[in-house]
There are 2 protein chains.
Amino acid sequence: MIRHVVHFTWSDAADDARRAETVAALRRLPEQVPGSLGFTVAPDAGLVEGNAHAVLVADFPDAEAFRRYATDPVHLAVIAEHVRPYLAARSAVQYEL
Amino acid sequence: MIRHVVHFTWSDAADDARRAETVAALRRLPEQVPGSLGFTVAPDAGLVEGNAHAVLVADFPDAEAFRRYATDPVHLAVIAEHVRPYLAARSAVQYEL
């Protein structure tokens with residue numbers, strides 16, 4: 001199994017309402033793009049200064065299922081509309097579970 | 001429950017052997033520092049260009065247990081010896097499970 005983990009840091013262009021809208025759009029992804037076995041999007045808990053603002057954790061049965069998700073046109077459209085315009089930084093890892 | 005997720009990007013100062021040694025040192029942390037319920041350290045699977053190099057995922061029963069771990073002197077010593085000298089970038093999130 002492949003776990004895909006993304007950290008998002010929003011830019012100042014994204015106010016609280018916009019950040020909540022982006023998190024909601026990311027949470028709708030598993031309804032729109034098939035292939036994930038588990039899918040969590042959560043805001044940072046605010047325990048430590050300097051953290052990223054939100055995390056996405058998605059599990060896939062194998063690397064091929066992850067690649068299909070990553071390159072799915074609906075997924076790319078959601079990123080283009082809801083993520084990229086508000087992104088200051090992004091960090092990603094995929095690892096074998 | 002609090003999940004703590006860190007992405008590490010190693011600097012060029014860290015060759016493959018050094019990166020493996022750092023991952024091994026991080027994997028020993030739950031034996032040395034109490035409080036975590038689950039603890040995983042994994043290298044990036046190499047599926048996507050531009051990813052971070054490794055991920056640490058650790059679960060704690062609550063924010064207080066996470067804070068005790070984060071500020072434990074043994075933990076801080078492991079970071080000072082095995083992580084910080086080889087770190088190009090770090091991204092962290094804690095979120096409510």
Side-chain angles (χ1 to χ4, degrees), chain A residues 1-11 19-20 22-23 26-27 35-36 38-72 75-76 79 83-84 87-97, chain B residues 1-11 19-20 22-23 26-27 35-36 38-72 75-76 79 83-84 87-97:
Chain A
M1 191 143 84
I2 292 285
R3 178 162 284 176
H4 170 54
V5 185
V6 187
H7 292 177
F8 304 96
T9 303
W10 310 124
S11 69
R19 292 172 190 207
T22 293
V23 165
L26 290 171
R27 284 179 171 158
S36 58
F39 205 99
T40 301
V41 184
D44 179 64
L47 303 176
V48 178
E49 282 292 309
N51 273 3
H53 296 130
V55 63
L56 181 155
V57 181
D59 294 338
F60 298 88
D62 54 32
E64 193 42 55
F66 163 71
R67 284 207 182 88
R68 277 196 300 273
Y69 160 84
T71 58
D72 187 289
H75 176 214
L76 297 175
I79 290 175
V83 176
R84 213 183 307 279
L87 203 57
R90 176 186 182 279
S91 174
V93 167
Q94 296 84 41
Y95 67 101
E96 292 273 359
L97 269 196
Chain B
M1 190 143 84
I2 291 285
R3 178 161 284 176
H4 171 53
V5 185
V6 187
H7 292 175
F8 303 96
T9 303
W10 311 124
S11 68
R19 293 173 189 206
T22 293
V23 165
L26 290 170
R27 283 178 171 159
S36 59
F39 204 100
T40 301
V41 185
D44 179 64
L47 302 177
V48 177
E49 282 292 308
N51 273 4
H53 295 130
V55 64
L56 181 154
V57 181
D59 294 340
F60 298 89
D62 53 33
E64 193 43 54
F66 163 71
R67 283 206 182 90
R68 277 196 300 272
Y69 159 85
T71 58
D72 187 289
H75 176 214
L76 297 175
I79 290 174
V83 176
R84 213 182 307 279
L87 202 58
R90 178 187 180 279
S91 174
V93 168
Q94 295 86 41
Y95 67 102
E96 292 273 359
L97 268 196

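Below, chain A is the first sequence line, B the second, and so on; all start at residue 1. Side-chain atoms are counted along with the backbone in the values below, which use heavy atoms only and exclude waters and symmetry mates.
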| query | Can you check whether B/Val93's main-chain N or O pairs, donor with acceptor, with A/Asp44's side chain at less than 3.5 Å? | reply |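 Judged by distance alone, no pair lies under 3.5 Å.
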| Contact origin within A/Val57 toward chain B - heavy atom pairs under 4.5 Å |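 Side chain only.
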| said: Which atoms of A/Arg3 are under 4.5 Å from chain B, going by heavy atoms: the side chain, the backbone, both sets, or neither? | reply: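 Contact with chain B: side chain only.
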| Greatest number of heavy atom pairs closer than 4.5 Å to chain A - which of B/Ser91, B/Ala42, B/Ala45 |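 The option with the most such pairs is B/Ser91.
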| said: If I take atom NE2 from residue B/His4 and atom CG from residue A/Asn51, how far apart are they, to the nearest 0.5 angstrom? | reply: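 Atom-to-atom, B/His4:NE2 and A/Asn51:CG are 8.5 Å apart.
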| message | Return the OH to CG distance between A/Tyr95 and B/Leu47, rounded to the nearest 0.5 Å. | response |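 Here the interatomic distance stands at 13.5 Å.
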At a heavy-atom separation under 4.5 Å, does [X] approach chain A through its side chain, its backbone, both, or neither?
X	value
B/Leu97	neither
B/Thr40	side chain
B/Ala54	backbone

| Is B/Arg27 atom CZ crowded by more than 12 heavy atoms from other residues, nucleotides or ligands, each under 6.0 Å away? |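 More than 12 heavy atoms, drawn from other residues, nucleotides or ligands, come within 6.0 Å of this atom.
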| query | A/Ala52, A/Gly46, A/Gly50: which one forms the most heavy-atom pairs within less than 4.5 Å of chain B? | reply |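 If we count pairs closer than 4.5 Å to chain B, A/Ala52 comes out on top.
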